[in-house]
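Everything on this sheet refers to the single structure shown next.
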Amino acid sequence: MNFNEKVYAACKSIPKGQISTYKEIAHAINTKAYRAVGNALNKNPFGFSYDGDVPCHRVVQSNGKVGGFAHGTKKKIELLEKEEIKIKNNKIVEFEKKCFKFAR
DNA sequence: CCCTTGACCAAAC
DNA sequence: GGTTTGGCCAAGG
């Protein structure tokens with residue numbers, strides 16, 4: 001399993017209606033490459049993600065901000081709002097509650 | 001092998 | 001509150 005596959009696998013385990021951070025993902029796959037995680041998702045082979053695929057739009061920054069998205073941050077926000085996750089001024093509302101922690 | 005580039009992070013200012 | 005700075009890791013030139 002290369003680095004990217006681990007990242008995708010971790011993303012898949014994020015349940016609908018919840019989100020996680022790049023840092024949490026990095027921790028979940030036992031690495032400290034937060035940056036490389038985002039990099040992997042940026043040029044992910046899926047291009048776009050819907051339910052059942054790799055939900056890369058459920059991954060946000062550790063400070064609660066939305067972060068980036070290949071198709072534009074606005075689009076990412078729309079996808080999140082479809083899952084009961086509200087965004088206020090580019091930040092996640094109730095971030096701490098929606099944040100999903102991987103099994104340790 | 002060195003250098004640059006990121007959908008990043010934390011601390012400092 | 002925001003912005004800058006240094007650090008982090010993987011990939012590509």
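We use all heavy atoms of the structure for the numbers below, so side chains are in, but hydrogens, waters and symmetry mates are not. In what follows, every chain begins at residue 1, and chains take the letters A, B, ... in the order their sequences are listed.
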Measure the distance from CD1 on Ile29(A) to C1' on dA10(C) and round it to the nearest whole Å.
11 Å

Please report, rounded to the nearest Å, how far the C1' atom of dG1(C) is from the CG atom of Asn89(A).
11 Å

Polar side-chain atom of Lys76(A) near backbone of Val66(A) as donor-acceptor pair, under 3.5 Å
yes

Restricting both atoms to N or O, compile the protein contacts to nucleotides 8-11 of chain B shorter than 3.5 Å, with distance only.
{"unit_1": "dC8(B)", "atom_1": "OP1", "unit_2": "Gln61(A)", "atom_2": "OE1", "d": "2.5"}
{"unit_1": "dC8(B)", "atom_1": "N3", "unit_2": "Arg35(A)", "atom_2": "NE", "d": "3.3"}
{"unit_1": "dC8(B)", "atom_1": "N4", "unit_2": "Arg35(A)", "atom_2": "NE", "d": "3.4"}
{"unit_1": "dC8(B)", "atom_1": "N4", "unit_2": "Arg35(A)", "atom_2": "NH1", "d": "3.0"}
{"unit_1": "dC8(B)", "atom_1": "N4", "unit_2": "Arg35(A)", "atom_2": "NH2", "d": "2.6"}
{"unit_1": "dC9(B)", "atom_1": "OP1", "unit_2": "Ser62(A)", "atom_2": "N", "d": "3.0"}
{"unit_1": "dC9(B)", "atom_1": "OP1", "unit_2": "Ser62(A)", "atom_2": "OG", "d": "2.4"}
{"unit_1": "dC9(B)", "atom_1": "OP2", "unit_2": "Ser62(A)", "atom_2": "N", "d": "3.2"}
{"unit_1": "dA10(B)", "atom_1": "OP1", "unit_2": "Lys23(A)", "atom_2": "NZ", "d": "2.3"}

Taken to the nearest whole Å, CZ/Phe3(A) to C1'/dG6(B) is 12 Å

Rounded to the nearest angstrom, tell me the gap between atom CG in Leu79(A) and atom C1' in dA7(B).
14 Å

Whole angstrom is fine here: how far is it from CG in Asn30(A) over to P in dC9(C)?
12 Å

Of the options dG6(B), dA7(B), dA11(C), whose atoms approach the side-chain atoms of Lys76(A) most closely?
dA7(B)

Measure from the side-chain heavy atoms of Ala33(A) and tell me the nearest of dA10(C), dA7(B), dA11(C).
dA10(C)

With Glu83(A), the salt bridge (Lys or Arg N to Asp or Glu O under 4.0 Å) member among Arg58(A), Lys98(A), Lys16(A)
Arg58(A)

When you check the phosphate oxygens OP1 and OP2 of dA7(B), does a side-chain N or O of Asn42(A) lie under 4.0 Å from one of them?
yes

Sorted by chain and number, sequence neighbours left out, salt bridge (Lys or Arg N to Asp or Glu O under 4.0 Å) with Glu94(A) holds for Lys97(A)

Ile19(A) versus Phe100(A): any side-chain heavy-atom pair under 4.5 Å?
no

Could you state the CG-P distance from Asn4(A) to dA10(C), rounded to the nearest angstrom?
11 Å

What is the distance, to the nearest angstrom, from the CG atom on Asn39(A) to the P atom on dC8(C)?
17 Å

Rounded to the nearest 0.5 Å, how far apart are CZ of Phe69(A) and CD of Glu78(A)?
10.5 Å

Ignoring hydrogens, what is the shortest heavy-atom contact between Ala40(A) and Asn4(A)? Give both atom names and the distance.
CB-OD1, 3.3 Å

